[in-house]
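Take a look at the structure below.
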Amino acid sequence: MKLPPLIPARFVRRVNRFRVTVRLEGEAVDAHLPNSGRLTELLTPGRPCWLKPAASPQRKTDFDLKLVEYAGVLVSVDARLPNPLFAEALAEGRLAPFEGCADFVPEVPLEGSRIDFRLTMPEGVLWVEAKSVTLVEDGVALFPDAPTIRGSRHVQTLADAAGGEGGAAVVFVVQRPDARSFSPYDEADPVFGETLRAAAEVGVGLYAWTCRVSKEEIAIARQIPVDLA
């Protein structure tokens with residue numbers, strides 16, 4: 001996925017859930033943060049970051065916060081990207097576990113929830129939920145970094161689907177390149193971890209990929225193992 005030209009800045013502070021202040025050319029300006037996670041380790045004063053100018057003049061902020069540099073690694077903080085990144089990689093045949101996908105439809109209702117994708121596979125329908133991951137500790141990608149009732153509900157919906165006529169999978173898109181494995185972050189949300197493990201036991205597939213991140217492009221890159229221990 002190509003990125004538009006980005007503008008360098010320095011992080012100042014988080015104003016609220018979806019707004020931050022950054023220093024741009026010596027001036028403090030507000031930017032939209034497209035991520036409701038805590039991002040505690042990423043959003044620290046003085047950290048290099050990159051902004052995308054807002055497309056709409058009706059916006060309350062003139063920029064979106066897109067990238068943050070952490071320990072020499074570029075991290076995408078845009079939680080809206082996993083779905084288009086997954087769709088792009090799927091269409092290009094770069095996701096081995098989903099080889100043979102004949103078609104896919106985004107944002108499909110299922111049992112009162114809206115699931116990210118419905119795939120048509122050789123063996124039948126496969127429901128897929130994609131999750132954005134930004135937290136990595138000692139090479140382990142962790143999700144979520146804050147309690148997520150919605151995330152647990154989606155995983156339970158997939159578990160119910162896997163027990164019926166369709167298959168189901170959760171894909172964790174790690175929006176940085178430096179993870180070696182993925183695990184649920186029980187410290188942040190033990191309920192999500194329990195729900196995910198229970199879903200795996202009834203046949204929900206669990207997959208994780210890192211991303212190649214630059215100031216010009218973001219793309220799903222490397223599959224990493226999922227560790228539920």
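The shown structure was predicted, so the numbers you read here are calculated from the model rather than taken from an experiment. This chain uses plain numbering: 1 for the first residue, then up along the sequence.
Taking 4.5 Å as the limit, every side-chain heavy atom of Val173 sits out of range of all side-chain heavy atoms of Ser132. Side-chain contact check for Pro48 versus Arg10: some heavy-atom pair is nearer than 4.5 Å. Taking the side chain as every heavy atom from C-beta outward, Arg118 and Val125 approach each other to under 4.5 Å. No side-chain heavy atom of Ile115 sits less than 4.5 Å from a side-chain heavy atom of Val108. In this structure, the side chains of Phe98 and Val128 come closer than 4.5 Å at one or more pairs of heavy atoms. A heavy-atom distance below 4.5 Å is not found between the side chains of Leu196 and Lys131. Under the 4.5 Å side-chain criterion, counting only non-hydrogen atoms from C-beta, Asn83 is not in contact with Pro106. Counting heavy atoms from C-beta on, the side chains of Val204 and Val170 come closer than 4.5 Å.
Separation of atoms CG (Leu158) and CG (Leu206) is listed at 9.5 Å; rounding is to 0.5 Å. Taking SG of Cys211 as the reference point, atom CG of Leu85 lies at 5.0 Å (rounded to 0.5 Å). Rounded to the nearest 0.5 Å, atoms CG (Leu74) and NZ (Lys215) are 6.0 Å apart. The distance from atom CG of Asp78 to atom CG of Asn35, rounded to the nearest 0.5 Å, is 8.0 Å. Annotation: the span from Thr134 atom OG1 to Glu41 atom CD amounts to 6.0 Å, rounded to 0.5 Å. For the atom pair CD of Glu194 and CG of Asp186, the computed distance is 8.0 Å after rounding to the nearest 0.5 Å.
Ser76 and Gln175 get closest at one heavy-atom pair: OG-OE1, 2.6 Å. Pairing each heavy atom of Ala229 with each of Arg197, the nearest pair is O-NH2, 4.1 Å. Here the closest non-hydrogen pair linking Pro184 and Leu228 is CD-CD2, 3.9 Å. Between Ala179 and Ile224, the closest heavy-atom pair is O-CG2, 3.7 Å. Across all their heavy atoms, Glu69 and Gly72 have their closest contact at OE2-CA, 3.9 Å. Across Pro144 and Ala188, no two heavy atoms sit closer than the pair O-CB, 3.3 Å.
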Notebook entry, point to check: Are Arg19 and Asp30 close enough, and set up right, to give a salt bridge (Lys or Arg N to Asp or Glu O under 4.0 Å), and what steps lead you there?
Noted result: CA-CA 7 Å; Arg19 183 177 293 199; Asp30 282 352; 3.6 Å; yes
Margin query: Run the salt bridge (Lys or Arg N to Asp or Glu O under 4.0 Å) test on Asp64 and Lys66 for me, step by step, so that the C-alpha distance in whole Å, both residues' side-chain angles and the decisive distance to 0.1 Å come before the verdict.
Written below: CA-CA 6 Å; Asp64 284 344; Lys66 296 291 287 184; 6.0 Å; no
Notebook entry, point to check: What do the steps show when you test Asp227 against Val140 for side-chain contact (heavy atoms from CB on, under 4.5 Å), and what is the final call?
Noted result: CA-CA 9 Å; Asp227 183 4; Val140 181; over 6 Å; no
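Using a 3.5 Å distance cut-off with no hydrogens or angles, the side chains of Thr61 and Arg59 do pair a donor with an acceptor.
Side chain of Arg23 to main chain of Gly46: no donor-acceptor pair is present (N/O by atom type, distance under 3.5 Å, no hydrogens or angles). With Arg180 contributing its side chain and Asp138 its backbone, the two residues share a donor-acceptor pair below 3.5 Å. At least one donor-acceptor pair under 3.5 Å links the side chain of Asp189 to the backbone N or O of Thr148. Using modelled atom types, no side-chain atom of Asp145 and backbone atom of Leu135 make a donor-acceptor pair closer than 3.5 Å. Between the side chain of Arg94 and the backbone N or O of Glu88, no donor-acceptor pair lies under 3.5 Å. In this structure a side-chain-to-backbone donor-acceptor pair under 3.5 Å is missing from Gln223 to Tyr207. Checked by atom type and distance alone, the side chain of Arg222 pairs as donor or acceptor with a backbone atom of Pro177 at under 3.5 Å.
Here Val12 sits alone; no ILVMFWY side chain lies under 4.5 Å from its own, so it joins no hydrophobic cluster. Cluster partners of Val20, using a side-chain heavy-atom cutoff of under 4.5 Å among ILVMFWY residues and allowing indirect links, are Ile7, Phe11, Val22, Leu24, Val29, Leu33, Leu39, Leu42, Leu43, Leu51, Phe63, Leu65, Val68, Tyr70, Val73, Val75, Val77.
Within the structure, ring-ring contact (aromatic ring centres under 6.0 Å, His included) contacts touching residues 127-151 (residues at least two apart or in different chains) are Phe143-Phe172, Phe143-Phe192.
Other residues, nucleotides and ligands contribute more than 12 heavy atoms inside 6.0 Å of the CD atom of Glu92. Residue-environment remark: CG (Asn16) exceeds the threshold of 12 foreign heavy atoms within 6.0 Å. More than 12 heavy atoms of other residues, nucleotides or ligands lie within 6.0 Å of CD in Glu111, so this atom counts as buried by the packing criterion. Heavy-atom neighbours of Glu187 CD from other residues, nucleotides or ligands within 6.0 Å: at or below the threshold of 12.
Between Val136 and the options Leu142, Asp178, Thr210, a side-chain contact (heavy atoms from CB on, under 4.5 Å) holds for only Asp178.
Under the 30°/60° scheme for interplanar angles, the aromatic rings of Phe104 and Phe117 are found to stand perpendicular.
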